[in-house]
Amino acid sequence: MKKALPLKGGSAGSRHGTKSPKELESVLKQYFGYSEFRGRQLEAIEAVLSGRDCFCLMPTGGGKSMCYQIPALVKTGVVLVISPLIALMENQVSSLKSKGIPAEFLSSTQTTANKNKIHEDLDSGRPSLKLLYVTPELVATSGFKAKLTKLHNRGLLGLVAIDEAHCISTWGHDFRPSYRKISSLRKQFPDIPILALTATAVPKVQKDVISSLSLQNPVILKASFNRPNIFYEVRYKDLLDDVFSDISNLLKSSGNVCSIIYCLERAACDDLTMHLSQQGISSAAYHAGLNSKVRTTVLDDWLSSRTQVVVATVAFGMGIDRHDVRIVCHFNLPKSMESFYQESGRAGRDQQPSRSVLYYGLEDRRRMEFILRNSSSRKQQPPSSSTELSEKTLADFSQIVDYCESSTCRRKKIIESFGEKVQPTLCQRTCDACKHPNQVASRLEDLRRVPNSRFNKISPVFKTSSVDPKHFDTEFWNREDDVSRSDEDISDSDDEEEALSNVAISKLPSKGGFEARLEALERAENAYNQAKGQTKPQGGNLVDKKSISQALRDASRKRLSGALGQAKLRLGDLRFAEEASAAHLETECFKKYQKVGKTFYNSQIAATVRWLSSSSSEQIHDRLEALTNQSTDHGAAAGSSPCIIPDALGEAEKPAVATVSHKFAETEPSDEFAKTVVSTEHMEPSKMSPPEKSIGEEGRRDRTIGTMDLPKIPSFREFMSQKGRDRATSSSRAESQPHGVPRKAGPVISKEGATGTSKKMKL
Ligand SMILES: Nc1ncnc2c1ncn2[C@@H]1O[C@H](COP(=O)(O)OP(=O)(O)OP(=O)(O)O)[C@@H](O)[C@H]1O
Ligand SMILES: [Mg+2]
């Protein structure tokens, strides 16, 4: 761990941190490169440096983190930052470290070795750490409280900062019981200032946060909620011919800028990503149905501009600090103005002109209302009664509906919803309602005329999604399900798979060694698989709704084939049959996920496409070669043919015709698939026969699978063993082939903590 941070200009951190604004500004410049403080940053910093409690309300992207980061640099001791998400902590810590500021986080994803180092540093006479990020769950544990007391007794606890403080409130949408226990810190450390920070707190929540934390005569700082650089717009799905095309046109006409599209459901993320990719827009899906490795890759690619558009559920966003997001789209109606403000606020953190486009659909509205009613009555949220909660939830929802269905200034609607007064001249035509009032009014008229019958139909928007709100795959609710988790079982994702992993991990034998842990994880995986298999609706038809249609399979094969073609173009030195290989990759996904449904299937297809877009020719070649070998092992009787066209073979040995014979027992053959032949570009025309001759009409209907199965995706045990072997030998890529195989998106227990590696998000 690094030694204490030497402040340039010879000034060591002082006990009370008394610094003039100029001195504070020079620290800002020195470490962050900014020449002046923004908004109410300086006031917040001065308040806590003078020992006062402070409640700081600043807009999204307003620079709240600086309010505790600067004090950490000028005060003696450690600043404790309580933060709701591990992803958020990791993100900030790695960003601080890159600036040479000693910061760490403690969470279940940290390795034991790292945790020990941090504890050693805290126990030392002069900790080198300046900022320590923790979850509220950890703060609530007696062990950690004792650690803080020791630190405090030695005069080394400088400040307690509570980020996303609205989570403390019973009214906050991210309610977690441990958040409320943070209030004990005020009693425990009466002389240490507490700084509560949030971007979204209506007056009632503000009061609740201040009283829950027992802030003493706090300095209350409120900056305006206005985000002047964001242009707000609503588009009406029911008036559009094709929403997907509208989004792709919007993105194309904006010049393929960095964007986020929020969807309610995972399947919609996958479908929309597929559409955008087909339109040549660099995009990737991000949701909790993807394993954490895939998500990290998607995030890394997006943060480093390799991917421009992320199509995500709400699992994506909090704490992600990409400055130049130019467009945030909502493909579905958010559940409240608060959620909308947070999500749309991820645009334009660099203060440059940006856009928020919300796609409003009457079907979305009807469905969300239904979900909210259901959810409120299902939840058992202490201490409010469910009726109270339900009314609040529905009132919040009606605000966002009003935002969409009204022709008055959007900006005004947003700001007023947070209890802030708005000057009539504020907007200056920076929303569609102010810029094109007649157009908006006439669209709303048209919307009112949309025939009722259409409301009851499944809108085109949902054509590929499940329609039963009780079962659809969204991360919408699961944040609240965090309530049931214990201690540090907080992950950056909300998905049920990881929740299960977390449960599994929390119950792992702590001293049982690798094998015991592995067995426990395998048991959890099996239990998960069984549970998934039994997830039949009571009297419902979930299976139908989740089933994978032939059309979807055809589209997936096309998509894989396209990805293989792209890989060929990218790498240049690949020899394989796109169509045949695509068919096998698709079959593998189908076989694996047909029972659990199309969300997993879609995710796996998406994961495979991503794997193809990032793998080396060696990895792709190895995998396809294994496939070829397997088919050869099964013999020619099955009529299968290799997907790889081996370079090493002489011309005579190259297959003259690349036929593929499969049987999709459960499916009708598609026309596309009927044309499945090995890419002909490496063959002499004279040696080729038209596909009809080799496959024929009958042949097209009699394709057998099984003879050319892909190499098995490793089981969890195999995966872990391989990982262990890899670590031990640090050997070549060839040995680590199973890693090249995209991991399955569902049941694999992917919590990195179990393997001793921490998840990293790079900026
Ligand atoms: N004084 C400043 N001048 C210029 N940029 C700043 C300043 N202070 C902070 N920033 C930058 O603004 C961006 C947003 O900061 P930060 O993440 O702290 O915002 P936030 O208020 O916490 O937003 P959110 O509510 O989304 O978490 C960061 O990239 C940060 O480096
Ligand atoms: Mg923040």
Side-chain angles (χ1 to χ4, degrees), residues 21-22 24-46 54-73 79 81-101 103 105 131 133 161-168 172-174 195-201 205 209 221-230 258 260 262 303 314 316-325 328 338-352 354 356 414 418 492 761-763:
K22 276 262 162 290
L24 293 171
E25 235 167 50
S26 74
V27 176
L28 175 75
K29 177 92 185 143
Q30 181 188 333
Y31 287 95
F32 299 94
Y34 303 129
S35 46
E36 54 187 24
F37 287 108
R38 250 195 212 162
R40 313 206 67 170
Q41 280 176 334
L42 183 60
E43 291 164 86
I45 293 164
E46 288 185 318
C54 180
F55 176 86
C56 183
L57 183 66
M58 277 167 70
T60 48
K64 291 182 285 296
S65 323
M66 208 61 83
C67 303
Y68 52 80
Q69 288 168 350
I70 295 286
L73 291 167
V79 166
V81 184
I82 301 170
S83 176
L85 292 178
I86 291 171
L88 201 144
M89 298 195 279
E90 285 180 342
N91 204 357
Q92 288 213 2
V93 166
S94 75
S95 166
L96 289 167
K97 280 181 168 173
S98 73
K99 295 177 175 70
I101 302 169
F105 67 95
L131 292 119
Y133 288 74
I162 298 144
D163 209 0
E164 310 289 348
H166 57 279
C167 299
I168 291 163
H173 61 85
D174 284 320
L195 170 64
L197 304 134
T198 179
T200 52
V205 178
V209 170
L221 299 170
K222 291 185 201 171
S224 170
F225 284 95
N226 188 24
R227 292 291 311 272
N229 60 319
I230 300 179
C258 174
I260 306 173
Y262 282 106
L303 287 173
V314 291
F316 184 81
M318 203 195 251
I320 289 167
D321 186 20
R322 185 165 167 176
H323 303 202
D324 60 341
V325 179
V328 173
E338 217 172 329
S339 306
F340 173 66
Y341 179 73
Q342 279 279 357
E343 287 148 17
S344 61
R346 282 164 199 146
R349 288 161 77 87
D350 56 3
Q351 318 300 315
Q352 296 304 308
S354 309
S356 153
I414 297 171
F418 293 111
D492 62 333
M761 298 198 190
K762 291 177 205 110
L763 272 175

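Because the structure is predicted, anything quoted here is derived from the model rather than measured. Both ligands and their constituent atoms are indexed starting at 1 by order of listing. Basis for what follows: all heavy atoms, side chains included, without hydrogens, waters or symmetry-related copies.
With distances taken over non-hydrogen atoms, the option nearest atom 21 (O) of ligand 1 out of K99, K64, H323, M58 is K64. Relative to atom 30 (C) of ligand 1, the option among Y341, F32, Y34 with the closest non-hydrogen atom is Y34. Between the choices A223, S83, C67, S65, the shortest heavy-atom distance to atom 16 (P) of ligand 1 belongs to S65.
Checked against a 3.5 angstrom limit, the closest N/O atoms of L28 and ligand 1 fall outside it. Between F37 and ligand 1, not a single N/O pair is under 3.5 Å apart. Below 3.5 Å of separation, one finds an N or O of E36 facing an N or O of ligand 1. The shortest N/O to N/O separation between G63 and ligand 1 falls below 3.5 Å.
R227 has its side chain within reach of T60: a pair of non-hydrogen atoms, C-beta onward, lies under 4.5 Å apart. Residues E46 and P21 have side chains in contact (heavy-atom distance under 4.5 Å, counting atoms from C-beta outward). Side-chain contact between V209 and T198 is absent, with no heavy atoms from C-beta onward closer than 4.5 Å.
The salt bridge (charged side-chain N to carboxylate O under 4.0 Å, His left out) check on E25 picks up K22, with sequence neighbours excluded. Residues satisfying the side-chain hydrogen bond (donor to acceptor under 3.5 Å, both in side chains) test with K29, not counting sequence neighbours, are none.
In this structure, OG on S354 lies 11.5 Å from CZ on R349, to the nearest 0.5 angstrom.
The P59 neighbourhood of ligand 1 comprises atoms 21 (O), with distances under 4.0 Å to a heavy atom of that residue. Every atom of ligand 1 with a heavy atom of M66 under 4.0 Å away is listed here by number and element: 8 (N), 9 (C).
In this structure, F225 and Y341 have perpendicular ring planes: the angle between them is above 60°, well past the 30° mark.
Residue contacts with ligand 1, taken as heavy atom pairs separated by less than 4.0 Å, involve E164 solely via side-chain atoms from C-beta onward.
In this structure, R346 does not count as a contact residue of ligand 1, since none of its heavy atoms falls inside 4.0 Å of the ligand. Residue S35 places no heavy atom under 4.0 Å from ligand 1.
L197 approaches C67 most closely through the heavy-atom pair CD2-CB, 4.0 Å.
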